[in-house]
Amino acid sequence: MSSPVEFLELLAREAAAVEFEGPLVAARSAGLSTDRIAELERAKTVALRVRALLERRRRRESELSGLYDTVRDLAGLRDLDDVLRAIVHRARHLLDADVAYMTLNDAERGDTYMRVTDGSVSARFQQLRLPMGAGLGGLVAQSGAPYVTADYPQDERFHHTREIDAGVSEEGLVAILGVPLRLGSTSIGVLYAANRSARPFAREEVALLLSLAAHAAVAIDTARLLAETRAALAELSAANTTIRAHSSSVERAAAAHDRMTALVLRGGGVEDVTAAVTDVLGGSLLALDAEGRRLARVGEIDEPDRAEIIEAVAASRTEGRSVRRGTLWYAAVVAGAENLGALVLHPEDELADADQRILERAALVTALLLLFRRTVAEAEGRVRGELLDDLIARPLRDADALRSRARRLGVDLDAPHVLVAVGEDAIAATGSARQRVLSWATTYASARGGLAAARDGRVALMLPGQDAGDSARAVARDLSRITGRPVTAGASGPSSGPASPAAAFREADRCLTALVALGRAGQGASSAELGFVGLLLGTVADDGEADVRRFLTTTLGPVIEYDTRRGTALVRTLEAYFGVGGSLARAAEQLHVHVNTVTQRLERVGQLLGPDWQRPDRALEVQLALRLHRLRTAEG
């Protein structure tokens, strides 16, 4: 006969929960009284409670054991990556989750990024970055409090973004638990456990992951401190080595100083300087001019990438000393604010501070030699400037004589060339600064087989080539760097023949005027790139820029202001609408929006500009204003 004792026996052998229905089924089959069955029902309820309590205690014991093992494992790790992988793997194991992962905060970018995953199969998910406050993880990182959801895709408590939702969907995650990694009051990241099915995380699981996160944060900080300690020890060792080498390096510096001083006094060249440096320091040395062309080379050294040279020379100029990039040392060759080139050294051994001073002194001596060489070049530059001035300013009388003068200077007047006019912003300075600009233009043009001259408050350059726009942008960019302020350059061409430079210069000058009127001072462009707008604005008065602003404000100002204030795309919609001949469907296709969206945007334009904005004369003004607006905001 069924009795409460049977439930004790079931508890004793750790029976499954379904087996606890057996005594009740037997009692009902035996026809026991209702009171007796009710007594057994109460006994079953109590037994199931006891079973659940025992199960929770066993699980807690297992969790504590796992947590102890985790702490022990973390204590034995030293590498930060090993620590992070161990933390995430153990989190997945302890919570029996499908996926576990960790994000760390990025203080510089102000967001949190995926650092380690375990059980993940999606590359997109593994590369996620979460803005602070976005998604469950971003909210945990921002607030420093744990969050849990049984069905993340449908949970409206979190700020969903397209990128985060796409990554979570590709991974197939549904239930997610995230807890903060905290060091004191500072949150350094988030630890997660997630499942690919909807199921809630119990409070015990939240507490377990919080405990693991607390130990993990300490382990991470310990690994970081250990890495910093190792780095400090390495620095101390390097400092000791530097001190031992200091005496010999000072002697080398004195010898190098005497040798380079003698070079200057006897009129040596850049080649002699490079030879002297490599004799003292060893290794290989490359001397480059301001355009990256080789002036001299001693030893076997490959020419570095142009972008690397530009970056390293800029850093050397900014820091006022030589800089290291990989195995190479760079020292900028400068005179005042002007970049004359660089020395690139590949040493045999590590350079001490005194050795770096030798390289920097060699760069100074190289600058002096290049300035001496420039003095000679400037005499030739005056001859070149007179030729270009004759080509631009005077009526063409004797084309053959001009060709002959040009050939003696290495210039082919019958080859395609472009004319570049540089604005007053480049030569507004006086004295040495003005002379430096003219000298640069002469050297720049001469190196390319062209001519340069000062003309009516402008600098004119005639350069071989086909692309006037690229030439203008190159001149504006390089001359801006030389002067330290924005320089505007207009260009025309290509054209050829002795008769072409005069007309080409006038066209380049009109292009320059148009750029200033468009508010694009400090940029370069060709007359062909500006199109009809350049033709219209090329003859404007000194107040042309103000006229352009007034026209834009009157014609398109409300739409531009509306876009700026609300972040809408009315200007872009107008451009697309006019660009496809007024077709709503084609404009919608180009903008990747619905036709109704285009219609609504154009209705808003009508409210801002008035109902007659599509009248032919108004529409023409609007299109011109759109073109002006695009040109004013275009990058140089």
(message) Any salt bridge linking Asp106 with Arg129? Criterion: basic side-chain nitrogen under 4.0 Å from a carboxylate oxygen.
(response) yes

(request) With the side chain counted from C-beta on, respond yes when Phe125 and Ile164 share a heavy-atom pair under 4.5 Å apart, and no when they do not. (result) no

(message) List the residues meeting ring-ring contact (aromatic ring centres under 6.0 Å, His included) with His159, not counting sequence neighbours, and say none if there are none.
(response) none

(message) Once you measure the plane-to-plane angle for Tyr152 and His160, does it fall in the parallel (<30°), tilted (30-60°) or perpendicular (>60°) bin?
(response) tilted

(request) Working to the nearest 0.5 Å, report the span between OG of Ser284 and CZ of Arg297. (result) 9.0 Å

(request) Output yes when Arg199 and Glu205 qualify as a salt bridge under the 4.0 Å nitrogen-oxygen rule, no when they do not. (result) yes

(request) Considering only NZ, NE, NH1 and NH2 on the basic side and carboxylate oxygens on the acidic side, decide whether Arg196 and Glu171 come within less than 4.0 Å. (result) yes

(request) Would you mind checking if Glu360 and Arg357 are paired as a salt bridge, meaning a charged N to carboxylate O distance below 4.0 Å? (result) yes

(message) Evaluate Leu208 against Leu94 for side-chain contact (heavy atoms from CB on, under 4.5 Å), listing each step before the verdict.
(response) CA-CA 8 Å; Leu208 176 61; Leu94 289 179; 4.0 Å; yes

(request) State, yes or no, whether a side-chain contact exists between Tyr113 and Thr103 at a heavy-atom distance under 4.5 Å. (result) no

(message) Let me confirm one number: the CG-CD1 distance from Asp155 to Ile176, rounded to the nearest 0.5 Å.
(response) 9.5 Å

(request) Could you tell me whether Arg306 and Glu311 make a salt bridge, using a distance below 4.0 angstrom between a side-chain N and a carboxylate O? (result) no

(request) Starting at CG of Asp563, measure out to CZ of Arg601 and round the result to the nearest 0.5 Å. (result) 9.0 Å

(message) List the residues meeting side-chain contact (heavy atoms from CB on, under 4.5 Å) with Val323, not counting sequence neighbours, and say none if there are none.
(response) Ala312, Ala315, Ser316, Glu319, Arg325, Tyr330

